[in-house]
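One-based numbering along the sequence shown.
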Amino acid sequence: MRSPTRRWLTGLVAAVLADDGTDPWPGAVPRRVVALLDAMPAPARGAVRGAAAAIDAYAVSRTGRRLSALDAAGRQHVMASLASHRALLPLLDAVKVPVLLAAGTERLLHHVPPPSAPAPEDPPLDCTPAAHWPTRSTADAVVVGSGAGGAMAARTLAAAGLSVVVLEEGEHHSTASFAGRAPLDRFIDLYRDGGATIAVGNPPAGTARRPRGRWHDRSQLGHLLPHT
């Protein structure tokens, strides 16, 4: 017997994916969605589940039945009706992202064979766990975060001859460890809170040039990068 959580999730996944039961892989998507929701912070997880409950309630109001009790045509009728109301579109947006991320992973696993060649070896990297780092140490520069921006900053400073320390909250992920995992599993492991923190706050857009200019003018390391 399915749990209440799996029941509403199965109906929602089938509705979002327009699943007619002809392919086997959509049946594994709910499990992937649960794993992604479990990695999210409580507010984001609650928002997705609240939106899913609202969509199910909308289905009941339109048809007298929950999504999980409808056939493929009935689910698509409900979703088309929901999408026709602009004010209700945020409900769809809230649930589409986790469902489509999970669906993309399952479809890939069912249709694309795993790589047969072994993963390439990573270049030597001096990684020291925080518990083993000395109480005091010195460096010319400290870069917080080893993402796309931090990695390039650290590389540029090191190439200029500076001693550089990079602080990273996450674990060390090798190419081989990533190659052996499903795409969504990599995503959950790589990003804090399953990547859901991107939905929180109001980040500025198109202002990267100004902070970079201030850094160039005020820091003593501005000469290492051109002022553009």
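- Under the 4.5 Å side-chain contact rule for hydrophobic residues, L100 and M40 share a cluster.
- Using a 4.5 Å cut-off on side-chain heavy atoms (C-beta onward), E106 and H111 make no contact.
- Considering CZ of R75 and CG of L67, their distance stands at 7.5 Å, rounded to 0.5 Å.
- Remark: Q76 CD to L70 CG distance equals 10.5 Å, nearest 0.5 Å.
- A donor-acceptor pair shorter than 3.5 Å can be found between the side chains of D122 and T175.
- Between L12 and D56, every side-chain heavy-atom pair lies at or beyond the 4.5 Å cut-off.
- Note that CZ of R66 and CD1 of I55 are 12.5 Å apart. Values are rounded to the nearest 0.5 Å.
- In the displayed structure, R155 atom CZ is contacted under 6.0 Å by at most 12 heavy atoms of other residues, nucleotides or ligands.
- The existence of a salt bridge linking K96 and D93 is confirmed by a sub-4.0 Å separation between a basic side-chain nitrogen and an acidic carboxylate oxygen.
- Between R86 and P90, the shortest heavy-atom distance links the atoms O-CD, 3.8 Å.
- Nearest heavy atoms, H77 versus R62: NE2-NH2, 4.3 Å.
- Under the 4.5 Å side-chain heavy-atom criterion for ILVMFWY residues, no single connected hydrophobic cluster contains both L108 and V99.
- Nearest approach of L17 to A103, heavy atoms of both residues: CD2-CB, 3.6 Å.
- A distance of 6.0 Å separates CG of D189 from NE2 of H173, quoted to the nearest 0.5 Å.
- With hydrogens and angles disregarded, a donor-acceptor distance shorter than 3.5 Å links the side chain of D140 to the backbone of S163.
- The closest side-chain heavy-atom distance from V143 to L167 is not below 4.5 Å.
- Closest of all the heavy-atom pairs between V95 and V48 is CG1-O, 3.8 Å.
- The ring pair (Phe, Tyr, Trp, His ring centres under 6.0 Å) test applied to H172 returns no partner, not counting sequence neighbours.
- For the pair R65/V60, no side-chain contact is recorded, criterion being any heavy-atom separation below 4.5 Å from C-beta on.
- Grouping the Ile, Leu, Val, Met, Phe, Trp and Tyr side chains by contacts below 4.5 angstrom, directly or via other members, places M79 with L89.
- Smallest separation of non-hydrogen atoms from I188 and A39: CG2-CB, 3.5 Å.
- Judged as a side chain to side chain contact (heavy atoms under 4.5 Å, CB included), and not counting sequence neighbours, the contacts of T22 are D20.
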Between side-chain atoms of residues 123-139 and protein atoms elsewhere (two or more places apart, or another chain), which donor-acceptor pairs fall under 3.5 Å?
| from | atom 1 | to | atom 2 | distance (Å) |
| --- | --- | --- | --- | --- |
| W133 | NE1 | S137 | OG | 3.1 |

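- Atom CG of L37 is separated from atom CG of L9 by 7.0 Å, given to the nearest 0.5 angstrom.
- Annotation: the span from S146 atom OG to M152 atom CE amounts to 13.5 Å, rounded to 0.5 Å.
- The hydrophobic clustering, which links ILVMFWY residues whose side-chain heavy atoms are closer than 4.5 Å, places V166 and V144 apart.
- In terms of heavy-atom proximity, V13 sits nearest to P26 at CG1-O, 4.3 Å.
- By the 4.5 Å heavy-atom criterion applied to side chains, H85 and Y58 are counted as neighbours.
- Salt-bridge check for R32 with D185: passed, with a basic side-chain N closer than 4.0 Å to an acidic carboxylate O.
- The same ILVMFWY cluster, assembled from side-chain heavy atoms under 4.5 Å apart, contains both L92 and V29.
- Side-chain atoms of D23 never come within 3.5 Å of backbone atoms of W25 as a donor-acceptor pair (strictly under, hydrogens ignored).
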